[in-house]
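Structure first, commentary second.
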Amino acid sequence: MRIDGNTRLVGIIGNPLEHTLSPVIHNAAFDYMGLNWCYVPLPVEHDEIEKALEGIKVFRFAGVNVTMPFKTAVLPFLDEVAMFAESVGAVNTILFDKDKLIGYNTDGRGFYTALSRDLGYDVRGKKVLILGAGGAARSVTISLAVAGCSRMVIVNRSSERARSLKEIIRRSSSDVEVQCLTPEEDYDVLLADSDLIINATPVFSFGKSGLRIPVAMLNKSQVVCDLNYSSYYSPLLEEAEARGATVMDGKGMLLYQAATAFEIWTGLEAPVEVMRVALLRALDEARI
Ligand code: NAP
């Protein structure tokens with residue numbers, strides 16, 4: 001990588017950032033494309049988010065990614081927010097263009113692209129069940145609702161958070177039927193009757209020690225996804241695979257949200273396979 005007076009900067013705002021894989025993924029893409037660009041980590045304290053965004057303008061960054069815990073906190077300081085990010089209520093990518101900070105959310109598109117491109121899955125008319133109602137669940141469910149799924153069951157510990165997500169989904173698409181339950185309620189039949197099941201919680205274990213998931217109801221007609229992208233296999237995906245279901249972890253979502261951010265900043269098609277190799281190698285080396 002060459003750094004000189006013409007190097008264009010992008011980066012990631014978050015805290016902590018020690019384990020972020022984004023610099024590796026993006027710098028591999030810049031290298032491959034022969035772009036004089038560089039992606040750097042930008043750790044920020046909680047009360048410094050406004051100053052950090054001023055810094056992006058002052059140093060003429062092309063843009064930044066935003067990660068936990070600032071995806072919502074950046075919203076008041078942006079000049080424009082794309083419609084999808086507005087619906088999700090969170091931004092993970094900012095473009096600095098013509099003196100304006102423009103916010104996007106590429107997580108939902110990342111998940112949708114992983115499903116459609118890597119699995120060849122068409123979500124139209126499908127019945128979806130999602131565990132979780134946090135930021136990742138919001139972006140994933142809205143993108144699936146807009147893409148035409150027919151039913152969305154939200155299973156979440158906090159009923160209030162699930163109900164708030166239900167309202168957001170209904171505003172994005174009036175065609176989708178939405179139901180909310182807690183993990184302790186009986187959702188076994190709904191799970192068995194779902195085409196696509198997604199774990200959007202950070203919980204790995206289930207049963208007595210974790211989240212209640214009636215895994216015995218999983219079957220071979222289903223696609224089961226876990227948004228966690230650790231290289232260690234998820235117990236949920238193991239159970240699903242043992243019952244013949246098709247499984248997908250969160251690496252594809254991570255990859256395609258990065259590819260979309262790359263395209264927003266550079267205006268060029270992202271070298272997805274180069275980015276995938278860099279991501280897999282980094283995960284392997286970090287043993288995450
Ligand atoms: P978040 O906003 O903090 O939401 C966490 C969700 O998990 C909430 O619905 C929460 O329920 C639920 N939860 C947390 N601990 C729980 C427990 N012990 N038992 C039951 N439910 C629990 O987090 P997020 O950003 O949505 O991230 C969720 C997961 O997705 C993380 O593992 C993250 O790594 C992954 N993710 C992956 C990608 C990717 O690119 N692959 C992108 C984003 C996120 P309550 O509402 O009841 O608290």
Side-chain angles (χ1 to χ4, degrees), residues 12 14-17 19-22 24-26 65-74 85 88-93 104-115 117-118 129-144 152-166 168-169 180-185 187 197-214 224-237 247-262 272 275-276 279-280 282-283 286 288:
I12 181 162
N15 193 345
L17 287 177
H19 299 296
T20 178
L21 299 167
S22 296
V24 172
I25 303 173
H26 282 284
N65 281 134
V66 183
T67 188
M68 301 296 282
F70 302 121
K71 287 184 177 186
T72 301
V74 295
V88 175
V91 155
N92 77 334
T93 301
Y104 296 86
N105 186 308
T106 68
D107 283 335
R109 168 122 169 243
F111 179 77
Y112 176 80
T113 310
L115 258 188
R117 211 188 277 188
D118 291 352
L129 184 144
I130 191 155
L131 296 146
R138 279 208 302 275
S139 54
V140 164
T141 50
I142 295 169
S143 69
L144 296 179
M152 183 74 67
V153 176
I154 305 163
V155 180
N156 197 53
R157 193 174 51 175
S158 144
S159 311
E160 199 185 324
R161 217 168 174 193
R163 278 198 301 273
S164 143
L165 177 55
K166 177 177 174 174
I168 298 171
I169 297 168
C180 300
L181 292 108
T182 68
E184 303 321 318
E185 286 179 89
Y187 68 98
I197 293 138
I198 306 159
N199 177 26
T201 78
V203 187
F204 265 94
S205 57
F206 51 87
K208 277 192 183 137
S209 56
L211 196 54
R212 194 189 78 81
I213 308 177
V224 181
C225 306
D226 194 326
L227 301 191
N228 295 295
Y229 49 77
S230 154
S231 10
Y232 298 107
Y233 219 44
S234 119
L236 171 64
L237 297 191
V247 298
M248 184 176 90
D249 64 23
K251 293 187 194 78
M253 176 176 174
L254 182 66
L255 170 68
Y256 290 111
Q257 65 74 29
T260 306
F262 178 99
V272 171
M275 296 168 92
R276 192 192 303 272
L279 164 64
L280 295 179
L283 275 170
I288 294 173

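Atoms within a ligand are numbered from 1 in the order they appear, just like the ligands themselves. These numbers were taken from a predicted model, which means no experiment stands behind them.
Those atoms of ligand 1 with a heavy atom of A136 less than 4.0 angstrom away are 24 (P), 25 (O), 26 (O), 27 (O), 30 (O), 43 (C), 44 (C). The ligand atoms of ligand 1 that sit less than 4.0 angstrom from a heavy atom of S158 are 46 (O), 47 (O). When each atom of ligand 1 is checked for a heavy atom of V203 under 4.0 Å away, the hits are 15 (N), 16 (C), 17 (C), 18 (N), 19 (N), 22 (C). The atoms of ligand 1 that sit less than 4.0 Å from any heavy atom of A133 are 9 (O). Shown in contact with G132 at under 4.0 Å from a heavy atom are these atoms of ligand 1, numbered in order with element: 9 (O).
Looking at G252, G250, G108, C225, it is G250 that brings a heavy atom closest to atom 41 (N) of ligand 1. Evaluated by nearest non-hydrogen atom to atom 4 (O) of ligand 1, the leading choice among A90, G134, A162 is G134. The heavy atom nearest to atom 18 (N) of ligand 1, considering only M68, R212, R157, is found in R157. The closest heavy-atom contact to atom 36 (N) of ligand 1, among the options I198, T67, I154, L227, comes from L227.
With sequence neighbours excluded, the residues forming a ring pair (Phe, Tyr, Trp, His ring centres under 6.0 Å) with F70 are H46, listed by chain and number.
With hydrogens and angles ignored, the 3.5 Å screen pairs a side-chain donor or acceptor of N92 with a backbone N or O of T106. In terms of modelled atom types and a separation under 3.5 Å, the side chain of T72 and the main chain of G89 share a donor-acceptor contact. Between the side chain of T260 and the main chain of Y256, a donor-acceptor pair closer than 3.5 Å is present. Between the side chain of N156 and the main chain of A133, a donor-acceptor pair closer than 3.5 Å is present.
Closest to atom 5 (C) of ligand 1, if we only count protein heavy atoms, is P202 CD, 4.0 Å. Protein heavy atom in closest approach to atom 6 (C) of ligand 1: A200 O, 4.0 Å. The protein non-hydrogen atom at the shortest distance from atom 11 (O) of ligand 1 is N156 OD1, 3.2 Å. With hydrogens left out, the protein atom closest to atom 42 (C) of ligand 1 is M253 CE, 3.7 Å, a heavy atom. In terms of protein heavy-atom proximity, atom 2 (O) of ligand 1 is closest to G135 N, 3.0 Å.
At least one N/O-N/O distance between N228 and ligand 1 falls below 3.5 Å. Residue L211 has no N or O atom closer than 3.5 Å to an N or O atom of ligand 1. Remark: ligand 1 and Y229 share no N or O pair separated by less than 3.5 Å (distance only, no angle test). For ligand 1, the polar-atom distance check against R161 finds a nitrogen or oxygen pair separated by under 3.5 Å.
Heavy-atom minimum distance, L280 versus K251: CD2-CD, 3.5 Å. Taking both residues in full, the closest heavy atoms of I12 and S22 are given as CD1-OG, 4.0 Å, listed atom of the first, atom of the second, then distance.
Side chain to side chain, D226 and S234 meet the donor-acceptor criterion of an N or O pair below 3.5 Å.
Within the 4.0 Å heavy-atom cutoff, G110 does not count among the residues contacting ligand 1.
For the side-chain contact (heavy atoms from CB on, under 4.5 Å) with N228, the qualifying choice from V203, N199, D249 is N199, the only one to do so.
Salt bridge present: D118 and R276 bring a charged side-chain N and a carboxylate O closer than 4.0 Å.
Of all the heavy atoms of P183, none lies under 4.0 Å from any atom of ligand 1, so neither backbone nor side chain is involved.
For atom 23 (O) of ligand 1, no protein heavy-atom neighbour is present inside the 4.0 Å cut-off.
Note that the CE atom of M68 and the CG atom of L17 stand 12.0 Å from one another [nearest 0.5 Å]. Here the CD1-CZ distance, from I168 to R163, works out to 13.5 Å after rounding to the nearest 0.5 Å.
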Please step through side chain to side chain contact (heavy atoms under 4.5 Å, CB included) for the pair I213 and L236, ending with a clear verdict.
CA-CA 8 Å; I213 308 177; L236 171 64; 4.1 Å; yes

